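Working notes, structure below.
A quick note: this is a predicted structure, and the numbers were derived from the prediction, not measured. For this chain, numbers begin at 1 and follow the sequence in order.
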Amino acid sequence: MFWILFLLFLVVCGASATTGSMFQPGEWYRALDKPTWTPPNWVFPVTWTVLYLLISAAAARVAPLDGSGVALGLWAMQIAYNTLWTPIFFGLRRMRPALIIIGVLWLAVAATMVAFLRLDLWAGLMFVPYLVWVTIAGALNASVLRRNPAYA
């Protein structure tokens, strides 16, 4: 049962990840003024692959548990905001709305992590790297916005 659920959640994550291929950073992003602590480009797909595997496994652990409805609702909310950020930032090139979205995403990831922790320790812990990464991404979004106000 775990593997079927894992694959189901991974497909949902894969659908979210397609926005990365539909709205790639390209020359526009490369030309932006970014902080020195910006991760190299290769880090993003590697990190997201690991994170999607972790959040799929976490959801697969929680899904069959009694009382998991709210936690799975939060999971759905975080993946929706995850999906929305890329087209806003890279597609529309609107950094301020993207920053608002990533702020809501951070809250959704944190809430999902807490809800998962209450049901299954390991599932909740699997969300810790995701929350760290969204924190870094939010700080990067804010810094790039500050440095490139024309794209507010």
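Listed by chain and residue number, Met1, Phe9, Ala60, Ala63, Pro64 satisfy the side chain to side chain contact (heavy atoms under 4.5 Å, CB included) test with Leu5 (two or more places apart in sequence, or in another chain). With sequence neighbours excluded, the residues forming a side chain to side chain contact (heavy atoms under 4.5 Å, CB included) with Pro40 are Trp42, Val43, listed by chain and number. Partners of Asp66 according to the salt bridge (Lys or Arg N to Asp or Glu O under 4.0 Å) rule, which considers only residues two or more places apart in sequence or in another chain, do not exist here. Every residue meeting the side chain to side chain contact (heavy atoms under 4.5 Å, CB included) condition with Leu121, not counting sequence neighbours, appears here in chain and number order: Leu117, Leu125. Partners of Arg93 by salt bridge (Lys or Arg N to Asp or Glu O under 4.0 Å), not counting sequence neighbours: none found. Qualifying side chain to side chain contact (heavy atoms under 4.5 Å, CB included) partners for Thr18, counting only residues two or more places apart in sequence or in other chains: Ser21, Met22. Residues satisfying the salt bridge (Lys or Arg N to Asp or Glu O under 4.0 Å) criterion with Arg61, sequence neighbours excluded, are Asp120.
Sequence neighbours left out, the pairs with a member in residues 28-55 that pass salt bridge (charged side-chain N to carboxylate O under 4.0 Å, His left out) are Glu27-Arg30, Asp33-Arg147. Annotation: salt bridge (charged side-chain N to carboxylate O under 4.0 Å, His left out) contacts involving residues 74-90, sequence neighbours excluded, are absent.
Ring centroid separation for the pair Trp48 and Tyr52 comes in under the 6.0 Å cut-off.
Put simply, the side chain of Thr19 does not reach to within 4.5 Å of the side chain of Phe90, judged on heavy atoms. Side-chain contact check for Leu92 versus Pro87: every heavy-atom pair is 4.5 Å or farther apart.
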Output a table of donor-acceptor pairs, distance under 3.5 Å, between side-chain atoms of residues 96-110 and any protein atom two or more places apart or on a different chain; print 'none' if there are none.
from	atom 1	to	atom 2	distance (Å)
Trp106	NE1	Thr135	OG1	2.7

Just distance, no hydrogens or angles: give the donor-acceptor pairs under 3.5 Å from side chains in residues 72-79, sequence neighbours left out.
from	atom 1	to	atom 2	distance (Å)
Trp75	NE1	Ile55	O	3.2
Gln78	OE1	Tyr130	OH	2.5
Gln78	NE2	Trp75	O	3.0

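Leu53 forms part of a hydrophobic cluster together with Phe2, Trp3, Phe6, Leu7, Leu10, judged by ILVMFWY side-chain heavy-atom separations under 4.5 Å.
Closest heavy-atom contact between Tyr29 and Leu140: OH-CD2, 3.9 Å.
The CD1 atom of Ile88 sits 11.5 Å away from the OH atom of Tyr81 when rounded to the nearest 0.5 Å.
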